[in-house]
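Reading through the structure tokens given below for one structure.
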Amino acid sequence: MKTPLVELPVQTAEGEFLARYSENGLVELDFPKAGRASSRAEKKKLVPAKILGWHALTSTALKNILAGRAAKKLPPLDWAGKTEFQKSVWRALLKIPAGGTKSYGEVAAAIGRPKAVRAVGGACGANPIPVLVPCHRVLAANGKIGGFSGGLDWKRRLLASDDTL
DNA sequence: CTCCGCCTACCAA
DNA sequence: TTGGTAGGCGGAG
């Protein structure tokens with residue numbers, strides 16, 4: 001069976017994000033979804049203190065980034081089940097500072113696979129923890145926006161707050 | 001093995 | 001500039 005996940009909401013000015021945790025850390029972070037509004041106060045009582053602690057880190061990091069500040073401290077990220085390639089791409093993304101950007105090609109070069117450009121795009125799209133793992137800071141080589149699984153609106157919004165430095 | 005994608009560089013209009 | 005294209009690579013089925 002699978003590791004049970006604990007879901008906890010994060011209220012932000014942009015809406016309610018939803019974080020999912022395993023016993024090893026943050027597994028997923030979802031963008032606010034219309035129709036899912038605040039109706040989930042749920043189980044909170046049964047949530048281990050460990051996870052509540054991580055969630056506090058997730059919340060502050062998320063709010064900091066949305067406000068154009070650096071995330072500072074992140075909870076442990078649980079990338080279990082993901083491929084090495086994806087993990088190396090995401091690790092590289094974590095190194096992009098707020099306000100900075102890289103092209104897919106640069107990320108590919110950074111992980112030692114200069115030709116795996118398109119595959120990097122694939123890994124970005126598979127990123128389960130947007131915002132904290134800043135896939136939005138990766139642009140196309142021509143400086144254009146590129147794509148974004150969470151919707152280009154979000155990508156633009158996130159880049160805009162990044163610029164608030 | 002085949003098909004697809006948050007890419008790119010290149011060539012033709 | 002815009003548009004079509006072929007190469008290259010990892011992931012999913």
Side-chain angles (χ1 to χ4, degrees), chain A residues 1-5 7 9-10 12-36 57-59 61-72 74-165:
Chain A
M1 67 160 261
K2 278 195 66 186
T3 309
L5 299 185
E7 293 189 335
V10 183
T12 74
E14 304 286 347
E16 183 185 276
F17 282 72
L18 190 58
R20 282 191 257 285
Y21 301 86
S22 70
E23 56 195 321
N24 300 308
L26 177 60
V27 173
E28 270 181 73
L29 182 61
D30 282 0
F31 283 107
K33 224 188 311 177
R36 191 192 63 203
L57 293 176
T58 299
S59 303
L62 180 55
K63 288 169 186 168
N64 277 339
I65 294 176
L66 292 177
R69 276 173 274 131
K72 289 181 184 155
L74 297 180
L77 307 181
D78 183 356
W79 285 336
K82 303 303 178 179
T83 69
E84 271 314 307
F85 178 81
Q86 295 174 319
K87 289 188 272 191
S88 64
V89 168
W90 300 334
R91 275 190 293 266
L93 299 189
L94 287 173
K95 293 181 191 160
I96 305 177
T101 64
K102 275 191 174 183
S103 68
Y104 292 94
E106 290 173 319
V107 173
I111 61 173
R113 285 184 183 57
K115 284 180 277 185
V117 180
R118 214 168 167 192
V120 165
C124 288
N127 171 23
I129 310 176
V131 189
L132 300 195
V133 175
C135 39
H136 61 279
R137 306 214 256 241
V138 186
L139 308 180
N142 49 25
K144 293 211 188 75
I145 191 78
F148 196 62
S149 54
L152 288 180
D153 289 347
W154 274 108
K155 188 163 182 176
R156 294 193 201 93
R157 207 162 315 181
L158 293 169
L159 287 169
S161 34
D162 266 14
D163 275 337
T164 315
L165 291 179

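Since we're looking at a predicted model, the values are computed, not measured.
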Output the residues of residues 114-146 of chain A in contact with DNA chain C, where contact means a heavy atom of the residue under 4.0 Å from an atom of the strand; sort by number or write none.
Lys115(A), Ala116(A), Arg118(A), Ala119(A)
Under a 4.0 Å N-O cut-off, is there an ion pair linking Glu14(A) with Lys63(A)?
no
Give a yes or no on whether a salt bridge exists between Asp30(A) and Lys33(A), defined as a side-chain N under 4.0 angstrom from a carboxylate O.
no
Within residues 85-112 of chain A: residues closer than 4.0 Å to DNA chain C (heavy atoms)
Phe85(A), Gln86(A)
Evaluate the side-chain proximity of Leu132(A) to Leu94(A): yes if any heavy-atom separation is below 4.5 Å, no if none is.
no
Residues pairing under ring pair (Phe, Tyr, Trp, His ring centres under 6.0 Å) where one sits in residues 134-165 of chain A, two or more places apart or in two chains, turn out to be Phe17(A)-Trp154(A), Phe31(A)-Trp154(A)
The side-chain hydrogen bond (donor to acceptor under 3.5 Å, both in side chains) partners of Lys95(A) (sequence neighbours excluded) come to none
Hey, does Ile129(A) have a side-chain heavy atom less than 4.5 Å from the side chain of Trp90(A)?
no
Give each stem of DNA chain C as a range with a range, requiring at least 3 consecutive Watson-Crick or G-U wobble pairs whose two distances are under 3.5 Å.
B:1-5 with C:9-13, B:7-13 with C:1-7
Is there a side chain to side chain contact (heavy atoms under 4.5 Å, CB included) between Val107(A) and Leu93(A)? Walk through the geometry before answering.
CA-CA 8 Å; Val107(A) 173; Leu93(A) 299 189; 4.2 Å; yes
Check the distance between dC6(B)'s P and Asp153(A)'s CG and give it to me in whole angstrom.
16 Å
Only one of Arg157(A), Lys155(A), Arg156(A) passes side-chain contact (heavy atoms from CB on, under 4.5 Å) with Leu159(A), and that residue is Lys155(A)
Separation of dG11(C) atom C1' from Arg113(A) atom CZ, nearest Å, is 14 Å
Which residue is it: Pro134(A), Pro130(A), Cys135(A)? I am looking for the one with a side-chain contact (heavy atoms from CB on, under 4.5 Å) to Cys124(A).
Cys135(A)
Per the salt bridge (Lys or Arg N to Asp or Glu O under 4.0 Å) rule, what does the pair list look like for residues 114-139 of chain A, sequence neighbours excluded?
Arg137(A)-Asp162(A)
